[in-house]
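Below is one structure, written out as structure tokens, with a few remarks after it.
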Number of protein chains: 2
Amino acid sequence: MVEAWIESALGRMRSATGRSGGARRAVVAFLGRQDCCLSAQEIHDGVRADGERVGIASVYRALESLDELGLVQRVDFGDGVARFEPADPRGDHHHHLVCDDCGKVEPFEDIALEAALERVAGGRGYEAAAHDVVVRGACEDCRAQLQA
Amino acid sequence: MVEAWIESALGRMRSATGRSGGARRAVVAFLGRQDCCLSAQEIHDGVRADGERVGIASVYRALESLDELGLVQRVDFGDGVARFEPADPRGDHHHHLVCDDCGKVEPFEDIALEAALERVAGGRGYEAAAHDVVVRGACEDCRAQLQA
DNA sequence: ACGATAATGATATCCGTTCTCAGAGACGTG
DNA sequence: CACGTCTCTGAGAACGGATATCATTATCGT
């Protein structure tokens with residue numbers, strides 16, 4: 001399924017502009033191996049660790065294109081850094097629990113939550129395009145440590 | 001109730017540090033009249049429109065203190081600008097619908113949504129301190145206009 | 001292989017936010 | 001009320017993530 005995302009992302013980016021380039025391929029290849037969100041900087045570092053010489057500007061451009069095509073989900077924890085993760089082509093998506101203490105990030109999904117969001121948006125006449133949910137708090141480990 | 005928020009905010013800020021200053025008073029007085037979120041810049045402009053000469057740094061400092069005391073809710077729409085709104089002292093809070101097209105912001109609250117979030121956090125061992133929910137999409141007006 | 005044109009990478013720029021620091025103001029005391 | 005102390009304040013510098021610029025490179029159809 002990782003391969004599938006990479007293939008489809010490369011294909012759809014190519015057909016969007018008629019061109020393909022090394023930087024995009026490198027970003028897509030790296031991103032396809034990730035399962036949770038990373039900042040643009042981390043993606044840049046990861047791509048360079050793969051041995052590709054890619055500029056940070058190209059990373060942002062690739063992420064912007066991927067976002068427009070719905071191939072990537074943009075996540076914002078409110079710390080001034082945008083994060084990105086490959087988006088499930090079937091439309092499934094998850095949200096995030098972030099520990100205020102250690103910074104750990106955990107994905108979660110919840111059907112009742114999704115249903116509530118849909119209902120709210122629809123009730124207000126909105127065609128909901130996207131929604132971001134971030135829950136912040138102290139994770140189990142950190143709470144245990146604070147007690148000790 | 002506007003007065004109540006202003007009074008309690010001023011009182012709690014004073015007892016937190018033992019001092020009080022003009023900039024904080026001005027920010028609190030302006031913020032107490034708002035009912036939905038504003039950026040630091042907008043707050044700065046609003047305070048100056050009240051005739052107070054306040055530096056942007058003091059606005060950020062006041063907002064930081066208010067946030068730590070739980071008197072203000074920090075809201076992030078993912079556009080790189082932090083927004084702030086007075087927080088209900090009873091703990092009630094709302095979330096936001098943002099129109100991608102015209103930028104309109106609408107508050108909403110939903111009990112089922114809150115319940116789902118609590119359940120998710122608790123189920124993962126988290127002590128949830130806060131959660132942000134932002135729904136983005138096209139509002140009714142903009143959808144009507146796009147059709148025409 | 002060639003020409004047109006999109007993609008790339010280095011760097012400059014933008015802009016929101018935070019930091020720094022000298023000066024002003026608030027509070028407790030005599 | 002005057003004084004000393006210590007916080008608050010405001011102007012501007014610094015910071016950092018994101019975006020814009022632009023000359024160069026690479027890709028694709030012919």
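This one's a predicted model, so the numbers in the text were calculated from it and none came from an experiment. What you see below is based on every heavy atom in this structure, not just the backbone, and it leaves out hydrogens, waters and symmetry mates. Labels below follow one simple rule: chain letters A, B, ... track the order of the sequence lines, proteins then strands, and each chain is numbered from 1.
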task = Please check if atom CG in B/Leu146 has more than 12 non-hydrogen atoms from other residues, nucleotides or ligands closer than 6.0 Å.
result = yes
key: Side chains of B/His95 and A/His131, donor plus acceptor under 3.5 Å   = no
inquiry  = Let's see if you get this right: which residues in residues 76-85 of chain A place a heavy atom under 4.0 Å from DNA chain D?
reply    = A/Gly80, A/Val81, A/Ala82
Sequence neighbours excluded - salt bridge (Lys or Arg N to Asp or Glu O under 4.0 Å) pairs with any residue from residues 30-48 of chain A = A/Arg33-A/Asp50
remark   = B/Glu64 CD to C/dT17 P, in whole Å, measures 13 Å
message = Any carboxylate oxygen within less than 4.0 angstrom of a Lys/Arg side-chain nitrogen, looking at A/Arg83 and A/Asp79?
response = yes
key: Heavy-atom protein contacts under 4.0 Å, nucleotides 4-12 of chain C, coded B base, S sugar-phosphate only, - none   = BBSSBBB--
inquiry  = Between A/Asp101 and A/Arg143 (salt bridge meaning N to carboxylate O under 4.0 Å), is one present in this structure?
reply    = no
key: Terminal helix-axis angle for the helix from C/dA1-D/dT30 to C/dG30-D/dC1, with five pairs defining each axis and rounding to 10 degrees   = 30°
Results of side-chain hydrogen bond (donor to acceptor under 3.5 Å, both in side chains) for B/Glu7 - residues two or more places apart only = none
query = Could you state the CD-C1' distance from A/Gln41 to D/dA18, rounded to the nearest angstrom?
reply = 10 Å
query = Relative to the 5' end of DNA chain C, which residue comes earlier, B/Arg74 or B/Arg14, by the nucleotide with the nearest heavy atom?
reply = B/Arg74
query = Does a side-chain N-to-carboxylate-O contact under 4.0 Å join A/Arg136 and B/Asp132?
reply = yes
remark   = To the nearest angstrom, the CD-P distance between A/Glu52 and D/dA26 comes to 13 Å
ask   = Listed by chain and number, what are the ring pair (Phe, Tyr, Trp, His ring centres under 6.0 Å) partners of A/His94, not counting sequence neighbours?
value = A/His96
task = Kindly say whether A/Gly11 contributes a backbone atom to a donor-acceptor pair with the side chain of A/Ser15 at under 3.5 angstrom?
result = yes
inquiry  = I want to check one thing: is the phosphate of C/dT18, taken as OP1 and OP2, less than 4.0 Å away from some side-chain N or O of B/Tyr60?
reply    = no
ask   = Would you say the side chain of B/Met13 lies within less than 4.5 Å of the side chain of B/Ser20, judging by non-hydrogen atoms?
value = no
query = Nearest-Å distance, CD (A/Glu42) to P (D/dA18)?
reply = 11 Å
message = On a heavy-atom basis, which atom in A/Gly70 and which in A/Ala87 lie closest, and how many Å separate them?
response = O-CB, 3.6 Å
